[in-house]
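As a basis for the values below, the full set of heavy atoms in this structure was taken, side chains included, without hydrogen atoms, waters or symmetry mates. These numbers were taken from a predicted model, which means no experiment stands behind them.
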Amino acid sequence: RQARDLLAAIARGVEIDPDLVALSTEQIDAGLGAQDAAVRLAAVRAFGRASPRDLAARKTRLASALTDSDPAIRAAAVGAVLDTLASPQLLMQECRAHLADASPRVRLAALAKLIPARWGNEAAALVVERLPDPDPQVRRLAAARLGENAEGSWRALGVRPEGGAAGLAA
């Protein structure tokens, strides 16, 4: 009961210092299975701060959140999973799966982790695929991501602007 109340407080936006209040694995797991969507969302957020960095362990514990009916919970779970990935191959694989989600909120969460300047041409290609997304926020974020790495973005599009990289600045 105390953990549920704490998670509900987090869900309401009450600032709680995570260093002062550490939730146990059991408390977070109980929150992940709660009926109240706000409590589930708070549990996913708490999980992101306190859980193991191992991808398999995270995905196993977040399995229900990754398939939750509430897009906000799925988006938070996607962020919690993607935050652990240092391998470009794993990141691309996970992002590709979540970029296909029906909810624009989940697609935004995955797209936010794709930084072409950091992850290269494969990330740029995935971002390019989101340019015709039906949601305007997803399209805007995709365009912004491509602008962060114009040279790689042109390569992902299979286009070479006049003058090469210098032509991009003109």
Side-chain angles (χ1 to χ4, degrees), residues 1-116 118-119 123 126-127 129-146 148:
R1 172 125 176 88
Q2 181 184 9
R4 185 172 49 214
D5 292 343
L6 181 58
L7 288 168
I10 293 169
R12 287 191 310 272
V14 174
E15 288 295 320
I16 297 174
D17 185 346
D19 293 330
L20 297 177
V21 180
L23 294 173
S24 71
T25 301
E26 294 78 21
Q27 291 169 322
I28 292 173
D29 285 343
L32 290 171
Q35 292 284 6
D36 184 350
V39 172
R40 291 194 313 276
L41 181 58
V44 169
R45 289 178 178 155
F47 181 89
R49 290 191 302 262
S51 71
R53 293 312 221 188
D54 174 49
L55 175 63
R58 275 188 173 232
K59 284 183 74 174
T60 297
R61 293 205 30 232
L62 286 175
S64 63
L66 287 166
T67 59
D68 197 282
S69 62
D70 187 323
I73 294 168
R74 287 198 315 276
V78 165
V81 167
L82 296 179
D83 281 345
T84 65
L85 300 177
S87 159
Q89 294 80 15
L90 283 175
L91 181 75
M92 297 309 124
Q93 179 182 338
E94 289 295 319
C95 282
R96 185 174 284 112
H98 299 298
L99 286 169
D101 194 280
S103 169
R105 195 166 185 172
V106 175
R107 294 193 305 275
L108 282 167
L111 191 56
K113 302 301 178 184
L114 281 174
I115 304 169
R118 180 174 178 196
W119 299 110
L126 284 175
V127 173
E129 291 174 11
R130 299 297 4 132
L131 288 173
D133 194 277
D135 185 79
Q137 285 185 296
V138 174
R139 290 192 305 266
R140 275 193 297 275
L141 182 56
R145 284 289 187 232
L146 292 175
E148 293 167 2

Legend entry - Minimum heavy-atom distance between Leu131 and Ala142, given as atom pair plus value: CD2-CB, 3.9 Å
Legend entry - Exercise: identify the closest heavy-atom pair between Ala112 and Leu141: N-CD2, 3.9 Å
Inset, instruction - Quick one: do Asp133 and Leu111 satisfy side chain to side chain contact (heavy atoms under 4.5 Å, CB included)? Show the steps, please. - result: CA-CA 12 Å; Asp133 194 277; Leu111 191 56; over 6 Å; no
Legend entry - Value rounded to 0.5 Å, distance of CG in Leu66 from CD in Glu94: 8.0 Å
Inset, instruction - Quick one: pull up SG in Cys95 and CG in Leu82 and give me the separation to the nearest 0.5 Å. - result: 4.5 Å
Inset, instruction - Hey, could you give me the CG/CZ distance between Leu99 and Arg130, rounded to the nearest 0.5 Å? - result: 5.5 Å
Legend entry - Residue pair Pro71 / Val106: nearest heavy atoms and the distance that separates them: O-CG2, 3.7 Å
Legend entry - Backbone N/O of Pro134 and side chain of Arg139: donor-acceptor pair under 3.5 Å: yes
Legend entry - Arg107/Asp135 salt bridge by N-O under 4.0 Å criterion: no
Legend entry - Nearest heavy-atom neighbours spanning Arg40 and Gln35: NH1-O, 2.8 Å
Inset, instruction - Taking the side chain as every heavy atom from C-beta outward, state whether Ser103 and Arg74 have any pair of such atoms under 4.5 Å apart. - result: yes
Inset, instruction - Over all heavy atoms of both residues, which pair between Ala65 and Val44 is shortest? Give the atoms and the distance, please. - result: CB-CG2, 3.7 Å
Inset, instruction - Start with the C-alpha distance between Asp70 and Leu41, add both sets of side-chain angles, then the distance that settles side chain to side chain contact (heavy atoms under 4.5 Å, CB included), and finish with yes or no. - result: CA-CA 9 Å; Asp70 187 323; Leu41 181 58; over 6 Å; no
Legend entry - Whether Arg145 side chain and Leu114 backbone form a donor-acceptor pair below 3.5 Å: yes
Inset, instruction - Please check if atom CZ in Arg105 has more than 12 non-hydrogen atoms from other residues, nucleotides or ligands closer than 6.0 Å. - result: no
Inset, instruction - Report the distance from atom CZ of Arg96 to atom CD of Glu129, rounding to the nearest 0.5 Å. - result: 6.5 Å
